[in-house]
Amino acid sequence: MSGPIACVPPRDISRSLVRPGGVLATQAGPFPGAGGKTFNLIQEDRLSAKFTLKVTSRTVAIAGIAALAGLAGAIPSQADEADAKTLLKQMSDYLAAQKAFSFDYDSDLEVVTKDQQKLALASSGNMAVERPDKLRAERVGGFTDVEVVYDGKTLSILGDQKSAYSQAELPGTLDQLFDTLRDKYGRPISGADLLLSDVYDALMPEVKDVKDLGSGVIGGVECNHLAFRTDEVDWQIWIATGADPYPCRYVVTSKEVPGSPEYRVDLRNWKAGDKVAQADFGFQPPANAKKVEMSDLPETDELPKSFAVGGTK
């Protein structure tokens, strides 16, 4: 590949993926390019400040064009829309009622090159949450190892392959933490809209179209598959059936970026209530880690620093 490459990550409808000033961002973590290559990105997708996971005001892979073309006529609108909203609200209420939960996850962030080639950046991690104000999150990718710990008063971020960390006094709730990380520090936590105290209220304000697509299976778990549209993104969610309607997959597709890149996160090993192992929300940095200011902590976005934003569209 030669010349600048314009890569644009998908837009998330939530504040979890939107950096102040409009540049899409995702999870924490630097990603140097293989072989020392640097990919110059064009900042094609400028997001409005209002489109943030307050998440702000957030495709099923269907084999064959014929199947896709026949989908619209196969879905009754009003009844399915009401069912989909009810299922999403049930998930939101269930999540809000859990005082503690934990899960592992796998995520993919797609970028699109200037030549319209899609590239996927993959990572895995785990999260432990204790409402209303405690969080421990770890994420590992091919080029990064990041840890975020919050005990209700102090935020600690360990990054740069665990060689540097930063701390800030931020007393408050998790909802307030996610806002501050995004708006003040430009370090949004990807998928944070699924961790809010009211997921339904965060996701639905800009939704203009709703579909209940029936059943799906994610990681062996039967799910209800729902699809939603806003002016700027399409998003889908697969919610486990049964007494514990937790999210199993969440996909956000940008409609304003050529190539329609996606962000996807799959949740697994979901545990809630008494099944959650006691989490440690204290932070102890490695002995050789250097403490730095938050602004000096090496970038913790999912987009590698080797994918340098620059050039013109």
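Numbering of residues begins at 1 and proceeds along the displayed sequence. Just so you know, these numbers use all the heavy atoms, side chains as well, and skip hydrogens, waters and symmetry mates.
- Without hydrogens or angle criteria, K255 side chain to T230 main chain gives a donor-acceptor distance under 3.5 Å.
- A side-chain N or O of S123 and one of S107 form a donor-acceptor pair less than 3.5 Å apart.
- Interatomic distance, CG of D145 versus OG of S163, reported as 10.5 Å (0.5 Å rounding).
- Residues passing the side-chain contact (heavy atoms from CB on, under 4.5 Å) test with K118, sequence neighbours excluded: E110, V112.
- With a 6.0 Å radius and a threshold of 12 heavy atoms from other residues, nucleotides or ligands, K153 has its NZ atom at or below the threshold.
- In terms of hydrophobic clustering, with Ile, Leu, Val, Met, Phe, Trp and Tyr side chains grouped at heavy-atom distances under 4.5 Å, L194 and Y200 are assigned to a common cluster.
- Residue L174 holds its CG atom at 6.5 Å from CG of D133, rounded to the nearest 0.5 Å.
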### Task
Could you check D83 against N224 for side chain to side chain contact (heavy atoms under 4.5 Å, CB included), going step by step and ending with a plain yes or no?
CA-CA 10 Å; D83 288 345; N224 290 305; over 6 Å; no

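- Residues satisfying the side-chain hydrogen bond (donor to acceptor under 3.5 Å, both in side chains) criterion with K85, sequence neighbours excluded, are E81.
- Cluster note: V217 groups with no other residue, as no ILVMFWY side-chain heavy atom lies under 4.5 Å from it.
- Tracing side-chain contacts under 4.5 Å through hydrophobic residues (I, L, V, M, F, W, Y), one never reaches F178 starting from F281; they form parts of separate clusters.
- The side-chain contact (heavy atoms from CB on, under 4.5 Å) test with L177 singles out one residue from D179, T173, L181, T180, and that residue is L181.
- Rounded to the nearest 0.5 angstrom, K184 NZ and S295 OG are separated by 11.0 Å.
- With D234 as reference, R229 is the one residue of K208, K211, R229 to meet the salt bridge (Lys or Arg N to Asp or Glu O under 4.0 Å) rule.
- For the side-chain hydrogen bond (donor to acceptor under 3.5 Å, both in side chains) test, residues two or more places apart in sequence or in another chain that qualify with S156 are Q167.
- Every residue meeting the side-chain hydrogen bond (donor to acceptor under 3.5 Å, both in side chains) condition with D93, not counting sequence neighbours, appears here in chain and number order: K89.
- Across all non-hydrogen atoms, the minimal contact from E138 to Y105 is O-OH, 3.6 Å.
- Between the NZ atom in K275 and the CH2 atom in W270 there is a gap of 12.0 Å [rounded to 0.5 Å].
- By the 4.5 Å heavy-atom criterion applied to side chains, M91 and I237 are counted as neighbours.
- Residue pairs satisfying the ring pair (Phe, Tyr, Trp, His ring centres under 6.0 Å) criterion with at least one member in residues 114-142, sequence neighbours excluded, are absent.
- Nearest heavy atom pair, residue D106 against residue R268, reads OD2-NE, 2.8 Å.
- By the salt bridge (charged side-chain N to carboxylate O under 4.0 Å, His left out) test, R136 is found to be paired with E147, residues two or more places apart in sequence or in another chain being considered.
- Of all non-hydrogen atoms in L88 and L226, the two that sit nearest each other are N-CD1, 4.0 Å.
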Got a list of side-chain donor-acceptor pairs under 3.5 Å for residues 241-248, not counting sequence neighbours?
unit_1 : atom_1 : unit_2 : atom_2 : d
T241   : OG1    : E222   : O      : 3.4
D244   : OD1    : Y94    : OH     : 3.4

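- Of all the heavy atoms in A289 and A164, the pair that sits closest is CB-N, 4.3 Å.
- Shortest non-hydrogen contact noted between L195 and M127 is CD1-SD, 3.5 Å.
- Taking CG of L109 as the start and CG of L121 as the end, the distance is 5.0 Å to the nearest 0.5 Å.
- Partners of A168 by side-chain contact (heavy atoms from CB on, under 4.5 Å), not counting sequence neighbours, listed by chain and number: L170, Y185, M294.
- Taking all atoms of both residues into account, the shortest heavy-atom contact from L297 to G159 is CD1-N, 4.5 Å.
- Listed for the D115 side chain is no donor-acceptor partner under 3.5 Å among the backbone atoms of Q117.
- Other residues, nucleotides and ligands contribute at most 12 non-hydrogen atoms within 6.0 Å of the CD atom of E293.
- Within the 3.5 Å criterion, the main-chain N or O of L95 finds no donor-acceptor partner in the side chain of Q98.
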### Task
Go through N269 and F103 one step at a time and tell me if the side chain to side chain contact (heavy atoms under 4.5 Å, CB included) criterion holds.
CA-CA 5 Å; N269 297 330; F103 57 88; 5.9 Å; no

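- No donor-acceptor pair under 3.5 Å is formed between the side chain of D266 and the backbone N or O of I218.
- Judged as a side-chain contact (heavy atoms from CB on, under 4.5 Å), and not counting sequence neighbours, Q284 has no contacts.
- A donor-acceptor pair under 3.5 Å links the side-chain atoms of S92 to the main chain of V199, judged by distance alone.
- Grouping Ile, Leu, Val, Met, Phe, Trp and Tyr by side-chain contacts under 4.5 Å, direct or through others, puts Y165 with V149, L158, F283.
- Taking the side-chain hydrogen bond (donor to acceptor under 3.5 Å, both in side chains) definition, one finds that E130 meets it with nothing, sequence neighbours left out.
- To the nearest 0.5 Å, the span separating CG on L267 from CG on N126 amounts to 11.0 Å.
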